[in-house]
Amino acid sequence: MNQKIHNNLNSKIKITIFIVIWITLFSQVLFNEEIKEQIFYLLELHPILAPFIFIILQVLFAIFALPCSPLTLFAGILWGLGIGIIYSTIATLFASVSTFLLGRYVIRKRTKEQAMKDWHIKVLALIDKYKWKASLVAHINPLFPASPLGYAFGLSEISLFTFTYGAILGTLPLQLALVGAGDASNFILNIF
């Protein structure tokens, strides 16, 4: 029992350290003018390459279940609302499809070999029953991290198209809000 408590405490400490590091890095990029100037300079040097790097980063963050919301804000900061929403939506869709495919073709094989818990089976049954609506509801809810959603839906029986359709509809409001916030933060920071 002591080992379980010790492992649980270690996990909580690691998560706390990760969150502190993540917030520190994010705030540095958001509020440090030197870093922002360097990023904008690199964007000017590589206007074609920058969106591809952004998309690749979003896919990698999703695969490793890292929060992608800061990247969505960065799209607004870097490209403004108009272009930022396009790049951010494309990046989110690539990330969602990537985790869905990994869930479907990698994790699903391993999960089928192991006994699934009762609640896993119930969740998958709900996904299969409500199809794109389940994807929409899951993606629109800001409490569900989007990265693991692709993995979970990959375990279900719904098609990639159905998942993607629900993901587009579900993520668009949050995309607009976060990219808009990034664009607005740029405007506000330039005033002061």
Side-chain angles (χ1 to χ4, degrees), residues 8 11-12 14-16 18-19 22-23 26 51-52 54-76 79 81-183:
N8 193 12
S11 294
K12 288 181 181 183
K14 287 176 186 176
I15 290 170
T16 303
F18 171 77
I19 290 171
W22 192 249
I23 289 171
F26 176 68
F52 290 106
F54 177 78
I55 291 168
I56 290 167
L57 281 174
Q58 181 112 358
V59 169
L60 289 174
F61 278 37
I63 288 172
F64 292 107
L66 296 171
C68 296
S69 299
L71 290 175
T72 307
L73 280 168
F74 290 147
W79 293 291
L81 183 60
I83 300 296
I85 193 69
I86 292 169
Y87 290 154
S88 181
T89 302
I90 291 169
T92 298
L93 289 176
F94 271 93
S96 295
V97 167
S98 298
T99 56
F100 179 90
L101 293 174
L102 284 169
R104 173 71 38 102
Y105 297 109
V106 176
I107 298 172
R108 189 176 188 182
K109 289 180 182 177
R110 292 184 183 165
T111 306
K112 295 288 183 189
E113 295 169 1
Q114 300 171 350
M116 289 184 18
K117 295 180 180 172
D118 190 40
W119 70 271
H120 292 135
I121 295 168
K122 288 178 182 178
V123 168
L124 292 177
L126 286 172
I127 290 171
D128 291 336
K129 179 179 179 182
Y130 292 105
K131 308 219 182 281
W132 69 269
K133 294 172 195 162
S135 180
L136 179 140
V137 169
H139 282 92
I140 205 165
N141 186 340
L143 299 177
F144 292 141
S147 305
L149 286 177
Y151 292 120
F153 278 85
L155 296 174
S156 73
E157 296 297 326
I158 70 169
S159 70
L160 175 61
F161 177 80
T162 303
F163 167 75
T164 305
Y165 179 68
I168 290 170
L169 294 176
T171 60
L172 201 52
L174 191 57
Q175 293 288 326
L176 286 168
L178 289 174
V179 173
D183 187 33

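Side-chain atoms are counted along with the backbone in the values below, which use heavy atoms only and exclude waters and symmetry mates. Throughout, numbering of the chain's residues begins at 1 and tracks the sequence.
- In this structure, Tyr151 and Leu102 approach most closely via the heavy-atom pair CE2-CB, 3.7 Å.
- The CZ atom of Phe61 sits 14.0 Å away from the OG atom of Ser98 when rounded to the nearest 0.5 Å.
- By the side-chain hydrogen bond (donor to acceptor under 3.5 Å, both in side chains) test, Ser96 is found to be paired with no residue, residues two or more places apart in sequence or in another chain being considered.
- With rounding to the nearest 0.5 angstrom, the CZ atom of Phe52 is 9.0 Å from the CD1 atom of Ile90.
- Heavy atoms only, all atoms of each residue included: Phe100 and Phe153 are closest at CE1-O, 3.3 Å.
- The ring-ring contact (aromatic ring centres under 6.0 Å, His included) test applied to Trp79 returns Phe54, Tyr87, not counting sequence neighbours.
- Of the possible polar contacts, one joining the Thr99 side chain to the Ala95 backbone as a donor-acceptor pair under 3.5 Å is found.
- Of all heavy-atom pairs between Leu81 and Leu176, the closest is CD1-O, 4.2 Å.
- The OG1 atom of Thr162 lies 12.5 Å from the CD1 atom of Ile127; values are rounded to the nearest 0.5 Å.
- No more than 12 heavy atoms of other residues, nucleotides or ligands lie within 6.0 Å of NZ in Lys133, so this atom counts as exposed by the packing criterion.
- For the residue pair Arg104 and Glu157, the shortest heavy atom distance occurs at NH2-C, 3.9 Å.
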Give the intermediate values and the outcome of side chain to side chain contact (heavy atoms under 4.5 Å, CB included) for residues Ile158 and Asp128. CA-CA 6 Å; Ile158 70 169; Asp128 291 336; 3.9 Å; yes

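- Between Ala181 and Leu73, the closest heavy-atom pair is CB-CD2, 3.7 Å.
- Contact between Gln58 and Leu71 at its shortest, heavy atoms only, is OE1-CB, 3.5 Å.
- When each of Thr171, Leu174, Leu172, Ile168 is paired with His139, the side-chain contact (heavy atoms from CB on, under 4.5 Å) condition holds for Thr171 and for no other.
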Does the pair Trp132 and Leu169 meet the rule for a side chain to side chain contact (heavy atoms under 4.5 Å, CB included), with working shown? CA-CA 9 Å; Trp132 69 269; Leu169 294 176; 3.8 Å; yes

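- One distance of note links CD1 of Ile55 with OG of Ser88; it measures 9.5 Å at 0.5 Å rounding.
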